[in-house]
Amino acid sequence: MKKITRRSFITVCGAAAAAMALTACGGAASSTVASSAAESTSSSAAAETAAGTLSGNVATGGSTSMKNVIAALTEGFAEVEPGVTVSYDPTGSGAGITGATDKTLDIGLSSRALKDDEKNDVDGTTVALDGIAIVVNKASKVADLTVEQLKQMFTGEITNWKDVGGDDGEIVLVGREAGSGTRDGFESIVDVKDGCKYAQELTATGAVISAVEANPLAVGYASLSAVGDTVAMVTVEGVECSEDTVKDGSYKIQRPFVFVTNKSVALSEQAQAFVDFATSKDAADLIRTAGAVPVNE
């Protein structure tokens, strides 16, 4: 049964009262008023449906790299369901997966694919793809690196920029903290898991970019969606990091943006509606505007 709102209830009751009062004045008048009441009620119900009928909160949290994507999706969803609030706690992919597992989050956010052991408790739905850009200081002469060179640089085998086409100077490695989805994605793809010789391990994507911007000898990695014009992106094996190259798979350092949900409990109606919206074709342009690559369009 459709829920009748207070507004619809008052509209119906008011019209009904008017119809009763005018019955003595003739059946035609009564019929006219009743018809108007029906039209008013129908219009009111249609307006409510168009504006959305859900309410409540959807708790999301996890990947800091998904900040722009979540902000865009939240803004777009608010136009469809203005009564629903979507909260976001940027705590890192590991915390997002844990939050979905222990049910403290409706939707965990991960910027890496789920591991096999994690799939026992949670499901992952890819909503977008993200290129992990390799960033250097704008003063750097290095414009291209191979995956093998990156591996040797981040494990300390190559320690001087002159060995990869740059000026003489010690390479300063900047990365994310343990548990970061960006770090896990980069290290897994480049095959340097737990072997990086970082000079700095920072807790946010923006912090990595700022550190590289401030140091001519620094190199780091960051989500494509977060990279602006304060640093330079190098190509990887001749391929730039862009939406097209991520989508067609030619850019090698990329990862998924994943919604993580608990297997043992059903999502609330409002949380399911947000997932449905985020994975719909309607969300593609929002995801693209946020700097990521939509998977459904």
Side-chain angles (χ1 to χ4, degrees), residues 1-8 44-130 181 225 255-297:
M1 179 180 290
K2 178 176 175 62
K3 182 179 179 181
I4 299 178
T5 64
R6 175 181 173 81
R7 182 174 60 191
S8 299
S44 176
E48 286 179 21
T49 300
T53 58
L54 300 177
S55 63
N57 181 67
V58 179
T60 76
S63 171
T64 61
S65 299
M66 290 179 69
K67 175 182 178 181
N68 292 342
V69 168
I70 288 299
L73 290 174
T74 298
E75 184 176 351
F77 186 64
E79 297 181 6
V80 179
E81 294 291 350
V84 178
T85 300
V86 179
S87 62
Y88 166 57
D89 187 14
T91 51
S93 295
I97 294 169
T98 298
T101 302
D102 64 19
K103 306 174 189 177
T104 57
L105 294 173
D106 295 307
I107 302 169
L109 306 174
S110 175
S111 47
R112 65 166 174 80
L114 293 176
K115 299 174 183 178
D116 288 341
D117 61 331
E118 293 168 338
K119 294 178 182 178
N120 295 327
D121 300 311
V122 293
D123 287 319
T125 301
T126 299
V127 297
L129 299 172
D130 178 53
S225 61
R255 50 148 178 201
F257 279 166
V258 182
F259 275 12
V260 185
T261 54
N262 193 289
K263 286 185 173 182
S264 66
V265 293
L267 287 173
S268 65
E269 190 174 3
Q270 62 268 24
Q272 185 62 58
F274 183 59
V275 172
D276 292 343
F277 174 78
T279 55
S280 71
K281 293 182 179 180
D282 293 337
D285 284 341
L286 295 173
I287 291 170
R288 183 175 292 108
T289 299
V293 180
V295 295
N296 296 308
E297 61 179 340

Heavy atoms of Lys263 and Asn120 approach each other most closely as CD-O, 3.9 Å
For Ser93, the side-chain contact (heavy atoms from CB on, under 4.5 Å) test, sequence neighbours excluded, returns Ser63, Ser110, Ser111
Looking only at heavy atoms, the pair that brings Thr91 and Ala95 closest together is OG1-CB, 3.3 Å
With sequence neighbours left out, the residues meeting salt bridge (charged side-chain N to carboxylate O under 4.0 Å, His left out) with Glu297 are Lys247, Arg288
Shortest non-hydrogen pair, Ser225 vs Asn68, comes out as O-ND2, 3.3 Å
dist Thr64:OG1 -> Leu109:CG (nearest 0.5 Å) comes out at 10.5 Å
- Message: Determine whether a donor-acceptor pair (N or O, by modelled atom type, separation under 3.5 Å) exists between the side chain of Glu81 and the backbone of Ser55.
- Response: no
Here the gap from Thr98 atom OG1 to Asp121 atom CG, rounded to the nearest 0.5 Å, amounts to 10.5 Å
Taken in chain and number order and not counting sequence neighbours, the residues that satisfy salt bridge (charged side-chain N to carboxylate O under 4.0 Å, His left out) with Lys103 are none
Residue pairs meeting ring pair (Phe, Tyr, Trp, His ring centres under 6.0 Å), one or both in residues 79-130, sequence neighbours left out, come to none
Heavy-atom nearest pair, Ala128 first then Ile287, reads CB-CG2, 3.6 Å
Taken in chain and number order and not counting sequence neighbours, the residues that satisfy side-chain hydrogen bond (donor to acceptor under 3.5 Å, both in side chains) with Thr60 are none
Contacts satisfying side chain to side chain donor-acceptor pair (under 3.5 Å) that involve residues 274-284 (not counting sequence neighbours) are Gln272-Asp276
Note: Leu73 and Ala278 closest approach over all heavy atoms is CD1-CB, 3.8 Å
By side-chain hydrogen bond (donor to acceptor under 3.5 Å, both in side chains), Asn262 pairs with (sequence neighbours left out) Ser264
Hits for side-chain contact (heavy atoms from CB on, under 4.5 Å) against Ser87, two or more places apart or cross-chain, chain-then-number order -> Asn57, Ala59
Is the ring pair Phe259/Phe274 parallel, tilted or perpendicular, if the boundaries are 30 and 60 degrees?
parallel
Glu118 meets the side-chain hydrogen bond (donor to acceptor under 3.5 Å, both in side chains) criterion, sequence neighbours left out, with Arg112
Q | Note, Glu75 side chain near Leu286 side chain (heavy atom, < 4.5 Å) | A | no
| query | Below 4.5 Å, heavy atoms only, C-beta onward: do Thr126 and Phe257 meet side chain to side chain? | reply | no
Applied to residues 54-70, the salt bridge (charged side-chain N to carboxylate O under 4.0 Å, His left out) test, sequence neighbours excluded, yields none
What one should report as the nearest heavy-atom pair of Val260 and Ala100 is O-CB, 3.5 Å
inquiry  = Walk me through whether Val127 and Val295 qualify under side chain to side chain contact (heavy atoms under 4.5 Å, CB included).
reply    = CA-CA 6 Å; Val127 297; Val295 295; 5.6 Å; no
Sequence neighbours excluded, the answer for salt bridge (charged side-chain N to carboxylate O under 4.0 Å, His left out) partners of Asp102 is none
Across all chains, not counting sequence neighbours, the side-chain contact (heavy atoms from CB on, under 4.5 Å) partners of Ser268 are Gln270, Ala271
